[in-house]
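Step one of this worksheet: look at the structure below.
Just so you know, these numbers come straight off a predicted model, no measurement behind them. In the text below, chain A, chain B and the rest are named by the order of the sequence lines, each starting its count at 1. Just the heavy atoms: all of them, side chains too, but no hydrogens, waters or symmetry mates, feed the values below.
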Amino acid sequence: MNPNTLAKAYEPHAVEDRWLRAWDDAGAFRADPASPGEAFSIVIPPPNVTGSLHIGHALNNTLQDVLARYHRMNGHNVLWVPGTDHAGIATQNVVERQLAAEGTSREDLGREAFIERVWTWKAESGGRILAQLRRLGASCDFSRERFTMDDGLSRAVREVFVRLFEEGLIYRGNYIINWCPRCRTALSALEVEREERAGHLWHLRYPFADGSGAVSVATTRPETMLGDTAVAVHPDDERYTARVGARVVLPIVGREIAIVADPVVSREFGTGAVKVTPAHDFNDFELGLRHGLDVVRVLDLDAKMTAEAGAYHGLDRYEARKRVVADLDALGALERVEDYKLGVGVCYRCKTVVEPMVSKQWFVKTGPLAERALAAVKDGRTHIIPVQWEKTYYEWMENIRDWCISRQIWWGHQIPAWTCEGCGELIVSRRDPTSCPKCGGVKLTRETDVLDTWFSSALWPFSTLGWPDQTPDLTRYYPTTVLVTAFDILFFWVARMMMMGLHFMGEVPFRDVYIHALVRDAEGQKMSKSKGNVVDPLEVMSRFGTDALRFTLTALAAQGRDIKLAEERIEGYRHFMNKLWNAARFCYLHLDRVGEVPPGSSAALTLADRWILSRLQNATESIRASIEAFRFNDAALRVYSFVWSEFCDWYIELAKHDLAHDAPDERRATARAVLARVLGDILKLAHPFMPFITEELWSAMPGQGGFLTHAPFPRVEAERVDRTAEDTMETLIEIVKRIRDVRAQLGVSPRMATEVQVVTHDAERAERLARDSEVLRRSVAISELAIVPEGGRPAGAVTSVVGSVTVHVGIGEGADIAAIRERLGKDLATARVDHDHHARKLGNEGFVARAPEDVVEKERAGLAGALERIERIEAMLGILEESGL
RNA sequence: AGGCGCGUAGCUCAGGGGGAGAGCGCUGCCUUGACACGGCAGAGGUCACGGGUUCAAAUCCCGUCGUGCCUACCA
């Protein structure tokens, strides 16, 4: 591409397409375990295979990409594994909805045909999200793409299941679980969300069997009373101690049930007596186990009443509730009803109210696994960043419950367990068994349940690398370096990967876990389709360009805080892309021939050269440090401020004169070299954040070859750091700003040249400023310039005092005395505020005695400076008085 | 009920013991040979409130108020 024909404004689309293809064709992000370099590996949090990219994915993957590209440019051996998960319940739901629309169902199809149908749907829509990730610029090694249901991963799942079973860490049994009657499957505790809903608290009266009155109990689910098998009270509750062991008659049902004593009962709540329904309540189930209570199931898998419910058999749970309440009322067993708000459990997929239900399920015994997962974070083998999440992780791990892993759906890894019809033996096996090892029988029935999707995701960091085989990838890249994820799957996923990784690999799955924010809308609301406030990243990319979206997300990604995404912000950063584009365009107009940058001390370098090169070191250092500390926003904002406020606003403007046709050749050559050097480093520093525009500009840069994405990330060159140059330049910038300010306030046209006199009492400083007074001449229109250690106010000048210098700006007749006084008065007020501030501190004996010497010294210098400024301003005002103005 | 955050410029947010920062917005001026997706300049803040620690608090501690989220078996 001819650099002189770069478009006037940055047009992202063609550029993005071109580089996506170029990187892909070159295999730019392919990892090779045999290559040298410290390993840097990331496994992607696998999105749902049938999903599509939302803004959370965009953030998550942008951050991973920043890390991947940064480390790749640092010569590390980078592997970023992409892939998707099969999202059992969600995907099955989608396909079932399709079938329903066609007037059929999965039951009509049968298991095999249904699964085939899901694979067809997966083939259609699957991979779309990976294409979208590519578009985002994610530098994954797409040749290593994995899917939780592919052959390799399925083998890992089976191996893990069998081993855990053999070790007694997987068991099957009748326990209470959460049941979603719509999805018709068991759910783990994590898959149930709490929703506050308005309900009622019904107070029921259960009469004693001996006719001596009644006990009152309160419930939010009166229909479950049909399954009550006890009433419980606290053992120390004096109101009831005499009644423990007594029997009450369950209204409607007529069953006699006992009053039992158990410390879980709260004496304060309600009447202090609670009905016990072991089949349909977690607490009651536990309590039932302790007291050997009967388990009476009154709700079936569709949340309809069972035959146990007698007259209510077949009724939906809510219909049954109404009838039961009415019937109790008729019997006089309903004491009262009060409004009550309660937290109900709903299915995280379909929001249907779940029913606690006793059923035969498979569980992972988490205790022993959690212990090691807890220890690994406590002893620092894995760091969670930001650290405050560690506490949340600990709390969960310490209170972990066994994990229900069986799901009564079809889409997923079918549990490798068989029951022998002959002898009832349970067979769990790596290979499908043909006969029963116990009795030799050949009639074996396979378990129909599949595993929780998170069971396979838990293996992701090693299953994607080839486990259970000892592959080169596994050896080279496990443990992975860092996991980047949002906090909402800390328990679902991160905790479980920790448990499985430690158990099967003997090592943590990742050294660092970086937890990033949730993206919310501009009002701070969680984005959701139903609210209609979702920001579609694909649409944003189309409108503003991918780099602008990426840059916005990283610039807002401060640790420990949610991101509120407003469109104006994205637009603002699109302008930044354009700014960089045009800065480069300007540079390329001059960069036909580029030589070496002279060494730091060289006389060939101007003050501006030395300054920008020194600031470049500062930017390089802070960008590096920020990325390594996962402070993405700091890194992005430093890129922004260096490019815009330092390089464009000052260096380019000053360099224009050095590049002019009438400038001496060697001056032009040096300026070109510095320009090229700084721009080149800017492109490298910015590349992890905005890969497309930087790669494009790099390719247009004269004398550069190869991919920017493979170029070395800049390192700090200590010999380029020049504090004196920075200080001098800063002072000159201050002076320029002051002159402009004075002129702007007085309405002097920018084109009108004025006299300027700068007075500084430090002779060495005066000399330094004078040596580089070009900076002033180039920045403001000046007719005559003097920089002197001594001097009075020239006639017709407005004076301003800044730092250690006094600036007189001659404006001739326009310099009315009021303006001069106003200007000086403003400076005097500022100086006095400063003076008082320093004086107050130094007047404090404790401060002088206890504060560190350098801090006190700084205050003294500040006070002296302020005093000196006040003197100068007052002298100036005195002169005005004397001259009778 | 516990736990974790947050409250800083009109808006969105950084910062986190030693003179209050950015972007956007706002007000003036500028069609200056990279860029009007631009330039120059400016206005704007008791850092929620009350205590405490400290020589020094926006920053650390305690409390209050407001606000958000997470966890939990008060039926």
* Backbone N or O of A:Tyr10 within a donor-acceptor pair of the A:Asn578 side chain at under 3.5 Å? -> yes
* Is the number of heavy atoms from other residues, nucleotides or ligands under 6.0 Å of A:Lys656 NZ greater than 12? -> yes
Ranking B:G18, B:C73, B:C24 by distance to the side chain of A:Val855, first place goes to B:G18
Here the gap from A:Leu580 atom CG to A:His575 atom NE2, rounded to the nearest 0.5 Å, amounts to 14.5 Å
Closest of B:A75, B:G23, B:C70 to the A:Ser266 side chain is B:A75
- Base, sugar-phosphate alone, or nothing: which one does A:Cys648 contact when heavy atoms must sit under 4.0 Å apart? base
Every protein N/O within reach of nucleotides 40-42 of chain B N/O, cut-off under 3.5 Å:
from: B:C40; atom 1: O3'; to: A:Arg740; atom 2: NH1; distance (Å): 3.1
from: B:A41; atom 1: OP1; to: A:Arg740; atom 2: NH1; distance (Å): 3.4

Under 3.5 Å: donor-acceptor pair, side chain of A:Glu191, backbone of A:Ser188: yes
Regarding the side chain of A:Glu568, the nearest nucleotide among B:C24, B:G39, B:G19 is B:C24
C1' gap between B:C74 and B:C4, integer Å: 23 Å
When rounded to whole Å, the CG to C1' distance for the pair A:Asn844 and B:U54 reads 11 Å
Margin query: Any side-chain to backbone donor/acceptor pair from A:Thr554 onto A:Phe551? Under 3.5 Å, distance only.
Written below: yes
Between CG of A:Leu842 and P of B:A56 the distance, given in whole Å, is 14 Å
| message | What contact category does A:Ala851 fall into here, base, sugar-phosphate, or nothing, at under 4.0 angstrom with non-hydrogen atoms? | response | base
Rounded to whole Å, the CZ-C1' distance (A:Arg751 to B:U31) equals 10 Å
Atom CD of A:Glu571 and atom P of B:U12 are separated, to the nearest Å, by 18 Å
Out of B:G16, B:C70, B:G18, minimum distance to the side chain of A:Arg631 belongs to B:G16
- Query: Counting any heavy atom closer than 4.0 Å, what does A:Lys8 reach on the DNA or RNA strands: base, sugar-phosphate only, or nothing?
  - Reply: sugar-phosphate
State whether the distance check finds a donor on one side and an acceptor on the other, under 3.5 Å, for side chain A:Glu653 versus base B:A34.
yes
task: Ignoring backbone atoms, test whether A:His575 places a side-chain nitrogen or oxygen under 4.0 Å from the OP1 or OP2 oxygen of B:G38.
output: yes
Against the side chain of A:Arg574, the closest entry in B:G23, B:C37, B:G3 is B:C37
5'-most contact on RNA chain B (nearest-nucleotide basis), A:Ala189 vs A:Val833, goes to A:Val833
Output row for RNA chain B, stems defined as at least 3 consecutive Watson-Crick or G-U pairs under 3.5 Å, is B:1-7 with B:65-71, B:10-13 with B:21-24, B:26-30 with B:38-42, B:48-52 with B:60-64
Against the side chain of A:Ala9, the closest entry in B:A75, B:G5, B:C37 is B:C37
Strictly under 6.0 Å, is that where the ring centroids of A:Phe544 and A:Tyr573 end up? no
- Could you check whether A:Arg401 gets within reach of a base, just the sugar-phosphate, or nothing at all, counting any heavy atom under 4.0 Å? sugar-phosphate
Side-chain donor/acceptor of A:Asn399 to backbone N/O of A:Glu395, under 3.5 Å: yes
Q.
So does A:Thr366 get a backbone contact from the side chain of A:Asp402, meaning a donor-acceptor N/O pair under 3.5 Å?
A. yes
Worksheet entry | Neighbour count >12 (heavy atoms, 6.0 Å) for atom CD, A:Glu845 | no
With the side chain defined as heavy atoms from C-beta on, A:Thr220 is closest, among B:G16, B:G18, B:A75, to B:A75
*Which word best sums up how the rings of A:Phe642 and A:Phe647 line up, parallel for under 30°, tilted for 30 to 60°, or perpendicular for over 60°?*
parallel
Counting only heavy atoms from other residues, nucleotides and ligands, does the tally under 6.0 Å from CZ of A:Arg401 exceed 12? no
Look at the side chain of A:Lys391 and the base of B:C4, then say whether one donor and one acceptor between them are separated by less than 3.5 Å.
no
Among the nucleotides B:A75, B:G23, B:G18, whichever has the atom closest to the side chain of A:Lys841 is B:G18
Using a 4.0 Å heavy-atom cut-off across all strands, classify A:Val274 as base, sugar-phosphate, or nothing.
base
When rounded to whole Å, the CG to C1' distance for the pair A:Asp281 and B:C74 reads 11 Å
Item to complete: Give A:Arg267 one of three labels, base, sugar-phosphate or nothing, depending on what nucleic acid heavy atoms sit under 4.0 Å from its own.
Response: nothing
Using a heavy-atom cut-off of 4.0 Å across all strands, would you classify A:Thr392 as base, sugar-phosphate, or nothing?
nothing
Rounded to whole Å, CG of A:Leu201 lies from P of B:A75 at a distance of 8 Å
- Query: Under 3.5 Å, is there a donor-acceptor pair between the side chain of A:Thr277 and the main chain of A:Ala279?
  - Reply: no
- Query: Which part of the nucleic acid, if any, lies within contact of A:Phe544, taking any heavy atom under 4.0 Å across all strands shown: a base, the sugar-phosphate backbone alone, or nothing?
  - Reply: nothing
inquiry  = When you measure only distances, ignoring hydrogens and angles, does the side chain of A:Lys656 come within 3.5 Å of the base of B:A34 through a donor and an acceptor?
reply    = yes
With a 4.0 Å cut-off on heavy atoms, is A:Val848 in touch with a base, just the backbone sugar-phosphate, or nothing at all? nothing
Query raised in the report: Is any N or O donor-acceptor pair between the side chain of A:His838 and the base of B:G19 shorter than 3.5 Å?
Result: yes
### Message
At 4.0 Å (heavy atoms only), tell me whether A:Asp284 reaches a base, stays on the sugar-phosphate, or touches nothing.
### Response
nothing
Among B:C73, B:G19, B:C4, the one nearest any side-chain atom of A:Gln388 is B:C4
May I ask you to verify if any side-chain N or O of A:Tyr10 is less than 4.0 angstrom from the OP1 or OP2 atom of B:C35?
-> no
A:Tyr573 atom OH is separated from B:C13 atom P, nearest whole Å, by 13 Å
Atom CZ of A:Phe586 and atom P of B:U32 are separated, to the nearest Å, by 16 Å
